[in-house]
Structures are given as structure tokens and as C-alpha cells.
Amino acid sequence: MIERLAQFIQSLGISVRAFEISIAASDGMIRRAINNKSDIQSKWISSIADNYPQLNLEWLIVGHGSMLRDKQTLSVAQELTVMPDESTYHILYKEEKAENKELIKENGRLEERIRTLEAKLKECQSALELTIEHPKDLISAKDASTKKGSSRPNPNVGSAIAPSKDL
């Protein structure tokens with residue numbers, strides 16, 4: 001049945017979201033049913049029948065007959081086809097605008113995170129370059145640690161690897 005509903009929506013020339021709005025269904029309810037090939041509740045079939053009187057419900061439910069009620073009502077059905085009105089477009093516009101606003105915020109947060117990580121990377125690179133440029137300081141630090149009576153030398157002293165920092 002859901003495949004026939006998808007076929008009907010396509011024949012109307014409207015999006016699944018516009019169809020959902022026209023029957024007062026929540027965002028994605030019909031789309032998920034189509035994608036998952038699952039049936040919909042009878043209350044939605046009733047709403048579809050109310051909003052799309054040209055649709056042959058016998059065709060929709062069991063696949064018998066033609067999509068539209070009959071050939072005599074075909075021209076009437078075309079007149080009755082519910083096209084999205086301004087309020088439908090306005091709802092879709094508002095939803096898209098809100099989604100875009102959230103995506104812009106998320107982009108800003110991600111850009112800030114990238115800047116922070118790049119700064120930390122530069123700090124780590126600078127620390128590593130200093131360690132490699134001044135190996136004498138590392139040797140003196142190692143000698144100093146052994147002269148202070150340390151029972152065991154620090155394995156990190158004298159190493160050319162900078163201590164790791166949490167990023």
C-alpha cells in the first residue's frame with residue numbers, strides 16, 4: 001500500500017513533506033513509512049481521503065482499479081488536486097530557515113574548534129622544535145636530576161620527544 005501512496009504523491013507533483021503538511025502529519029511520518037516500506041495508521045488514510053477525494057481508496061489499500069476514482073471524475077479530480085497553498089510554502093520556508101540558522105551556528109562552533117585545535121597544534125610544534133634545537137639543555141637537565149640523588153633517572157629527560165599534552 002505504501003508504494004501506491006508514494007506513486008500517488010509523485011503523480012500530484014508535490015514533495016512528500018508538502019503532502020504530510022496537507023494531511024496534518026508530522027515531519028517525516030509519511031517519508032519514513034515510504035522509506036521503511038511500512039504501513040500507516042488508518043487515521044492517516046482517513047485524512048488522505050478527506051484531503052484528496054479524487055484518490056480511489058480501493059486502489060490505495062488493495063491495489064484494485066485505477067488510482068483516481070473513475071474516468072468521469074478524472075477531470076474533476078484534476079481540479080480538486082490539492083496544490084500547496086501559501087501557508088504550506090510558508091511552513092516549509094520557516095522550517096528550512098530554522099534549519100539553516102542551526103547549521104550556521106554549528107558551522108561557527110566548528111570553525112572556532114578548528115582555530116583552537118590549530119593554536120594547540122602550533123604550541124606543540126614549537127615545543128618540539130625547542131626540544132630538538134637545544135639538546136644540551138636536555139642533557140644538563142638529566143645530569144641535574146641524577147646529581148640531586150634521584151634514585152632513578154626520569155626516562156623522559158634526554159628524549160627528543162616532547163611531553164604529550166591533552167588536546
Side-chain angles (χ1 to χ4, degrees), residues 1-48 50-52 55 60 81-167:
M1 179 191 78
I2 199 67
E3 293 89 3
R4 287 185 293 279
L5 180 59
Q7 184 181 349
F8 176 67
I9 294 169
Q10 186 177 14
S11 76
L12 292 173
I14 62 174
S15 69
V16 174
R17 180 63 188 131
F19 182 79
E20 290 169 335
I21 291 170
S22 74
I23 63 168
S26 62
D27 187 12
M29 197 279 302
I30 298 291
R31 184 180 24 189
R32 281 189 299 276
I34 291 170
N35 291 341
N36 297 332
K37 297 189 183 333
S38 59
D39 288 331
I40 58 174
Q41 296 175 355
S42 60
K43 70 178 184 179
W44 298 118
I45 295 172
S46 176
S47 181
I48 292 167
D50 290 343
N51 288 285
Y52 297 94
L55 177 62
L60 178 65
T81 299
V82 176
M83 296 305 291
D85 60 7
E86 288 184 34
S87 64
T88 302
Y89 288 121
H90 184 69
I91 291 168
L92 291 170
Y93 169 77
K94 284 173 52 178
E95 288 176 355
E96 186 173 330
K97 186 175 180 180
E99 182 180 358
N100 285 343
K101 190 175 182 180
E102 289 301 315
L103 290 172
I104 289 168
K105 284 180 186 178
E106 180 68 14
N107 282 346
R109 286 190 293 268
L110 291 172
E111 288 171 351
E112 181 59 34
R113 180 71 176 143
I114 288 170
R115 283 191 290 277
T116 302
L117 290 172
E118 285 175 340
K120 287 183 180 184
L121 178 61
K122 285 181 183 178
E123 288 175 19
C124 290
Q125 287 172 333
S126 296
L128 183 59
E129 288 171 3
L130 287 175
T131 304
I132 292 172
E133 288 176 7
H134 302 293
K136 291 180 190 176
D137 294 341
L138 292 173
I139 294 170
S140 337
K142 183 178 181 182
D143 290 343
S145 71
T146 56
K147 289 181 183 177
K148 289 184 180 178
S150 172
S151 61
R152 57 186 175 156
N154 184 341
N156 292 326
V157 176
S159 169
I161 299 173
S164 65
K165 282 186 169 180
D166 289 336
L167 290 179

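Sequential numbering from 1 along the given sequence is applied to the chain's residues. Nothing here was measured: the structure is a model prediction, and the numbers come from that model.
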Which residues share a side chain to side chain donor-acceptor pair (under 3.5 Å) with Glu96, sequence neighbours left out
none
Steps toward side chain to side chain contact (heavy atoms under 4.5 Å, CB included) verdict (Leu128, Cys124)
CA-CA 6 Å; Leu128 183 59; Cys124 290; over 6 Å; no
Within this structure, what is the CD1-CG distance for the pair Ile114 and Leu121, rounded to the nearest 0.5 Å?
12.5 Å
What pairs with Glu3 under side chain to side chain donor-acceptor pair (under 3.5 Å), at least two apart in sequence or on another chain?
none
Asn100 side, atom CG; Tyr93 side, atom OH - distance, nearest 0.5 Å:
9.5 Å
Once rounded to the nearest 0.5 Å, what's the spacing between atom CD of Glu102 and atom CD1 of Ile104?
10.0 Å
Hits for side chain to side chain donor-acceptor pair (under 3.5 Å) against Glu106, two or more places apart or cross-chain, chain-then-number order -> Arg109
Roughly how far apart are Leu55 CG and Asp50 CG, rounded to 0.5 Å?
11.5 Å
Roughly how far apart are Glu118 CD and Gln125 CD, rounded to 0.5 Å?
10.5 Å
Hits for side chain to side chain donor-acceptor pair (under 3.5 Å) against Thr116, two or more places apart or cross-chain, chain-then-number order -> none
Sequence neighbours excluded and cut-off under 3.5 Å, please list the side-chain donor-acceptor pairs for residues 38-45, or say none.
none

For the atom pair CG (Leu60) and OH (Tyr52), what is the distance rounded to the nearest 0.5 Å?
12.5 Å
So which heavy atom on Arg31 is nearest to which on Gly28, and how close?
NH2-CA, 2.8 Å
Salt-bridge criterion met for Glu20 and Arg17 (N-O under 4.0 Å)
yes
Considering all heavy atoms, the nearest Ile34-Ala6 contact
CD1-CB, 3.9 Å
Mind jotting down which residue pairs meet the ring pair (Phe, Tyr, Trp, His ring centres under 6.0 Å) criterion with at least one end in residues 96-122? Sequence neighbours excluded, please.
none
Can you establish whether the number of heavy atoms outside Glu95 located under 6.0 Å from its atom CD is more than 12?
yes
